[in-house]
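Hydrogens, waters and symmetry mates play no part in the numbers below; they use all other heavy atoms, side chains included.
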Amino acid sequence: MRAPDSAEPVVRPPGPWTHRDVAANGARFHIAELGDGPLVLLLHGFPQYWWTWRAQLTALADAGYRAVAMDLRGVGGSDRTPRGYDPANLALDVTGVIRSLGESDAALVGHDLGGYLAWTAAVMRPKLVRRLVVASMPHPRRWRAAMLGDVRQTVAGAYVWGFQRPWLPERQLVANGGALVGRLIREWSGPAQGASMAVENYQRAMCVPSTAHCSVEPYRWLVRSLGRPDGFQFNRRMKRPVRVPTLHLHGSLDPVLRTRSAAGSGKYVEAPYRWRLFDGLGHFPQEEDPTAFSGELIDWLRDPEPDR
């Protein structure tokens, strides 16, 4: 199911970028793209859509890159399919979009759930990932261990456990014009958040029919698969090391994914790995301080020796 026409103003706002749809992995995905050069594919997290990368789109294009921000399956202008929200399939959406864009590889930049999928894609399809950038998300095996073994992380990720209830999370996310979305973004941000957070846009995008359900389905799989064969299989698969240069970014005040949880992810990378902590920022560093985030990202992409 596609987003209704009434969603167009928020999903496809005008700007320097171009909107279009691409087919991949049995579905169609909305993308916003800007610039020419090596492909940088940007993956949003919860409770957002491609719009979270608007500052990075222009910064990357100005720096000589082809910047593309995609809406994940079930969100924004992309197809809302009845199934396919496990991380392995969502990662194939991402790598399928790379191929559909006519590129042999991409630098993947993922935030939150998008970061989880970026880690996964780098393991599953390493030839398609030139470099990896993850913000506000541990490696999947590290995330699993922290959620199950660290009481503080278990409490910080309480929203994930809450998503396991049927129907109620969807109703809560769209109630009062998506007010809960706005509250989550404000609570998860650091003290320096400002008007650039575009809270109203995210509230409106969540209220597009079926978006709330599709947004929580990946988190339902992550928890419900913990004791199932498919979950064990995925966890074993993620034992394979990441073998592409990796930049790991995190806000020091992130209340959702603790710094301690994310910082142990380098053990899963057998390639140059760089950890950067943004002092005073929360869960959305790309929006809380877009200049600092974009500068760190572009400097690293340009660095021929990223292990320094």
Side-chain angles (χ1 to χ4, degrees), residues 1-15 30 32 43-55 69 71-78 80 85 111-116 135-137 147 153-223 251 253-258 280-290:
M1 183 178 71
R2 305 300 304 282
D5 292 341
S6 59
E8 290 294 297
V10 67
V11 171
R12 302 173 190 256
H30 165 251
L43 312 174
H44 67 85
F46 174 87
Q48 300 177 305
Y49 62 113
W50 77 268
W51 182 244
T52 191
W53 300 114
R54 59 198 179 280
D71 283 327
L72 300 181
R73 182 182 293 256
V75 179
S78 294
R80 287 146 175 77
Y85 295 93
H111 170 257
D112 186 77
L113 177 63
Y116 194 101
S136 309
M137 177 55 67
M147 288 291 284
Q153 182 56 66
T154 302
V155 173
Y159 71 99
V160 175
W161 308 111
F163 285 160
Q164 307 313 306
R165 298 167 296 175
W167 303 115
L168 182 60
E170 289 91 334
R171 293 171 181 171
Q172 291 175 328
L173 285 169
V174 301
N176 300 316
L180 177 58
V181 170
R183 181 166 66 83
L184 292 176
I185 291 176
R186 284 187 287 268
E187 290 179 353
W188 294 355
S189 301
Q193 63 174 301
S196 63
M197 293 300 293
V199 169
E200 290 185 4
N201 282 40
Y202 299 124
Q203 293 180 192
R204 292 171 59 200
M206 186 62 71
C207 291
V208 175
S210 298
T211 300
H213 175 69
C214 296
S215 295
V216 301
E217 282 294 275
Y219 296 96
R220 286 176 171 151
W221 187 93
L222 289 176
V223 171
L253 301 181
D254 190 333
V256 181
L257 287 158
R258 302 177 66 231
L281 299 187
H283 188 61
F284 307 97
Q286 74 276 19
E287 290 194 78
E288 294 175 49
D289 193 342

Hey, could you give me the [atom1]/[atom2] distance between [X] and [Y], rounded to the nearest 0.5 Å?
| X | Y | atom1 | atom2 | answer |
| --- | --- | --- | --- | --- |
| Asn176 | Gln203 | CG | CD | 9.5 Å |
| Gln164 | Leu222 | CD | CG | 8.5 Å |
| Met206 | Gln48 | CE | CD | 9.5 Å |
| Arg258 | Asp254 | CZ | CG | 10.5 Å |
| Trp50 | His30 | CH2 | NE2 | 6.5 Å |
| Asp112 | Met137 | CG | CE | 4.5 Å |

Would you call Arg204-Glu200 a salt bridge at under 4.0 Å N-O?
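Looking at Glu200 together with Arg204, the answer is no, because their closest N to O distance does not fall below 4.0 Å.
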Do [X] and [Y] have side-chain heavy atoms sitting under 4.5 Å apart?
| X | Y | answer |
| --- | --- | --- |
| Pro218 | Leu72 | no |
| Tyr85 | Cys214 | yes |
| Pro285 | Ser136 | yes |
| Ser189 | Phe284 | yes |
| Val160 | Val223 | yes |
| Leu257 | Gln153 | yes |
| His111 | Gln286 | yes |
| Leu173 | Val216 | yes |

Donor-acceptor pair, [X] side chain versus [Y] backbone, under 3.5 Å?
| X | Y | answer |
| --- | --- | --- |
| Tyr49 | Val10 | yes |
| Trp161 | Thr154 | yes |
| Ser78 | Gly74 | no |
| Arg54 | Trp51 | yes |

Grab the two heavy atoms, one from [X] and one from [Y], that are nearest each other, plus how far apart they are.
| X | Y | value |
| --- | --- | --- |
| Gly76 | Asp71 | CA-OD2, 3.4 Å |
| Pro255 | Ala156 | O-CB, 3.3 Å |
| Thr211 | Arg80 | OG1-NH2, 2.7 Å |
| Gly77 | Val11 | N-CG1, 3.2 Å |
| Glu287 | Thr52 | OE2-OG1, 2.8 Å |
| Arg220 | Arg165 | NH2-O, 2.8 Å |

Do the rings of Phe46 and Tyr219 sit parallel, tilted or perpendicular, given the 30° and 60° boundaries?
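Judged by the thresholds at 30° and 60°, the geometry between Phe46 and Tyr219 is perpendicular.
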Output field: ring centroids Tyr159/Trp188 closer than 6.0 Å
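Between Trp188 and Tyr159, which both carry aromatic rings, the centre distance is below 6.0 Å.
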I would like to know whether Leu113 and His44 meet side-chain contact (heavy atoms from CB on, under 4.5 Å); could you show each step before the answer?
CA-CA 7 Å; Leu113 177 63; His44 67 85; over 6 Å; no
Are Arg186 and Glu288 close enough, and set up right, to give a salt bridge (Lys or Arg N to Asp or Glu O under 4.0 Å), and what steps lead you there?
CA-CA 11 Å; Arg186 284 187 287 268; Glu288 294 175 49; over 6 Å; no
